[in-house]
Student: 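Have a look at this one.
A, B, ... follow the sequence lines: proteins, then strands. Residue 1 opens every chain. On a predicted model such as this, the values are computed, not experimentally measured, just so you know.
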Number of protein chains: 2
Amino acid sequence: MVAGPTSTGPGKERLRLWIRLLRASRTIEAELRERLKKEFDTTLPRFDVMAALYRVPEGMLMSDLSRFLLVSNGNVTGIVDRLVSEGLVTRARRNGDRRTSMVRLTEEGSKAFAKIAAVHEGWVGELLGGVSEEEAKRLTGMLKSFRSNWEGRE
Amino acid sequence: MVAGPTSTGPGKERLRLWIRLLRASRTIEAELRERLKKEFDTTLPRFDVMAALYRVPEGMLMSDLSRFLLVSNGNVTGIVDRLVSEGLVTRARRNGDRRTSMVRLTEEGSKAFAKIAAVHEGWVGELLGGVSEEEAKRLTGMLKSFRSNWEGRE
DNA sequence: GTCAATTATTTCAAGCTTGAAGTTTTATAA
DNA sequence: TTATAAAACTTCAAGCTTGAAATAATTGAC
């Protein structure tokens, strides 16, 4: 998937684009993963979950988390398990519906995330430094549009 | 990493861009992964390795593969192991340097890949259907440029 | 009210991924 | 030569990931 097109013809440009897109995000992701590990002894998936929770002090359900993060239910279970054992989030059984549990950042988790997020934003600024803010806006717009066609078609 | 910016200010647009980029590639990747599994009973990493080898009939070294695919050495070992056991690639010990082994697609592997790649290209065309060929070219150019700044700095 | 379907979540096996440590082979320097 | 370092690869533990199967609780149809 990271290799070039094996043929020519229509659709070739889109395939090229896809390969670029994938290489770019993999490269950046790898760099961010490494820095998160080295500087904060954490991982990208944990950072993702904390970022999602940080926006919603009242917490999120497991299924909300997995929908939002585009990963499977079982996946979230494991990541949250680890965050709980680190004291960064809590799972609170609700009175209303006993199947669900509300996941929230702890005080400690919230503080830890704020610290990491600030540095993280700087890293992204650095790694995407070749794109001007103006270009970034345009690119963002393009990326926004091309998903709507097929995504969530059923 | 898939959540929105937690602050405002400079660099915010780049962070937005990064989040879009990541969400886009994850969504497309998930869809392709699912289709590869359902239609061809294979995985993305295997497809990647085969795509890399397809371009070079004389074969690649393990370390070339890992460099090209942007993944670790140990990772490639496992994937190639599985492809070998499926009869799709071979590992040939070389006479010159007995540390290395040349990895090649088998006849069967080559045929299998060609079949999958054709369908795969169609999928990408479909999933990126919202982008015109012209737009795709421009986006590709932008993505090409923004990596050069920091990538491979040592 | 009862039972079937649905929903929320967890568990599990298989595979992917990294980074560190280990093995074998080759290259280099004295 | 003969250490010593470097290179190519494999192995391993820990964690991420999915999809399928299992559990438990709720909802809906009757």
Student: Please tell me which of A:Val76 and B:Leu61 maps to the more 5' nucleotide of DNA chain D, matching each residue to the nucleotide holding its nearest heavy atom.
Tutor: B:Leu61
Student: How many angstroms lie between atom CZ of B:Phe68 and atom CG of B:Leu53, to the nearest 0.5 angstrom?
Tutor: 9.5 Å
Student: Between C:dT17 atom C1' and B:Arg33 atom CZ, what is the distance in whole Å?
Tutor: 13 Å
Student: What integer distance in Å separates A:Leu65:CG from D:dT17:C1'?
Tutor: 16 Å
Student: So, does A:Ser72 get its side chain near the phosphate of D:dG19, meaning an N or O under 4.0 Å from OP1 or OP2?
Tutor: no
Student: Looking only at the side chain of B:Ser63 (C-beta and beyond, no hydrogens), which of the listed nucleotides C:dT10, D:dA8, C:dT18 gets closest?
Tutor: D:dA8
Student: Is the backbone N or O of B:Leu21 less than 3.5 Å from a side-chain atom of A:Ser25, with the two atoms forming a donor-acceptor pair by type?
Tutor: no
Student: From the set C:dT9, D:dT17, D:dA8, return the single nucleotide nearest to any side-chain atom of A:Asn75.
Tutor: D:dT17
Student: Is the phosphate of C:dA8, meaning OP1 or OP2, less than 4.0 Å from a side-chain N or O of A:Thr100?
Tutor: no
Student: B:Arg67 has an atom CZ; how far is it from atom C1' of D:dC9, in whole Å?
Tutor: 13 Å
Student: I need the CD-P distance between B:Glu31 and D:dT18, as an integer number of Å.
Tutor: 13 Å
Student: When every nucleotide of nucleotides 23-29 of chain C is labelled 5' to 3' by its protein contacts under 4.0 Å (heavy atoms), B for base, S for sugar-phosphate only, - for none, what sequence of letters results?
Tutor: -BBS---
Student: Between the side chain of B:Thr106 and the main-chain N/O of B:Leu88, is any donor-acceptor distance below 3.5 Å?
Tutor: yes
Student: According to the salt bridge (Lys or Arg N to Asp or Glu O under 4.0 Å) rule, which pairs have a member within residues 59-69 of chain A, sequence neighbours left out?
Tutor: A:Asp64-A:Arg67
Student: It should be established whether B:Arg91 places a side-chain nitrogen or oxygen under 4.0 Å from OP1 or OP2 of nucleotide D:dT10.
Tutor: yes
Student: Separation of A:Leu70 atom CG from D:dT17 atom P, in whole Å?
Tutor: 11 Å
Student: Looking only at the side chain of A:Met62 (C-beta and beyond, no hydrogens), which of the listed nucleotides C:dT17, C:dT9, D:dA8 gets closest?
Tutor: C:dT9
Student: Does A:Asp64 or A:Ala30 map to a spot on DNA chain C nearer the 5' end, using the closest nucleotide for each?
Tutor: A:Asp64
Student: Less than 6.0 angstrom from the centroid, inside 45 degrees of the normal: does B:Arg46 satisfy that with respect to the ring of B:Phe40?
Tutor: no
Student: Can a salt bridge be assigned to the pair A:Glu29 and A:Arg33 using a cut-off of 4.0 Å between side-chain N and carboxylate O?
Tutor: no
Student: Taking for each residue the nucleotide of DNA chain C bearing the nearest heavy atom, is the 5' side occupied by A:Gly74 or by B:Asn73?
Tutor: A:Gly74
Student: Just the rounded figure in Å: distance from P of C:dA14 to CG of B:Asp81.
Tutor: 17 Å
Student: Starting from P on D:dC9, measure out to CE on B:Met60 and report it in whole angstrom.
Tutor: 11 Å
Student: Is A:Arg16 salt-bridged to A:Glu13, going by a charged N under 4.0 Å from an acidic O?
Tutor: yes
Student: How long is the line joining CG of B:Leu44 and P of D:dT17, in whole Å?
Tutor: 14 Å
Student: Tell me what B:Arg46 touches on the nucleic acid: a base, only sugar-phosphate, or nothing, going by heavy atoms under 4.0 Å.
Tutor: sugar-phosphate
Student: Strictly by salt bridge (Lys or Arg N to Asp or Glu O under 4.0 Å), give each pair with a member in residues 90-106 of chain A just once, sequence neighbours left out.
Tutor: A:Asp81-A:Arg91, A:Asp97-A:Arg99
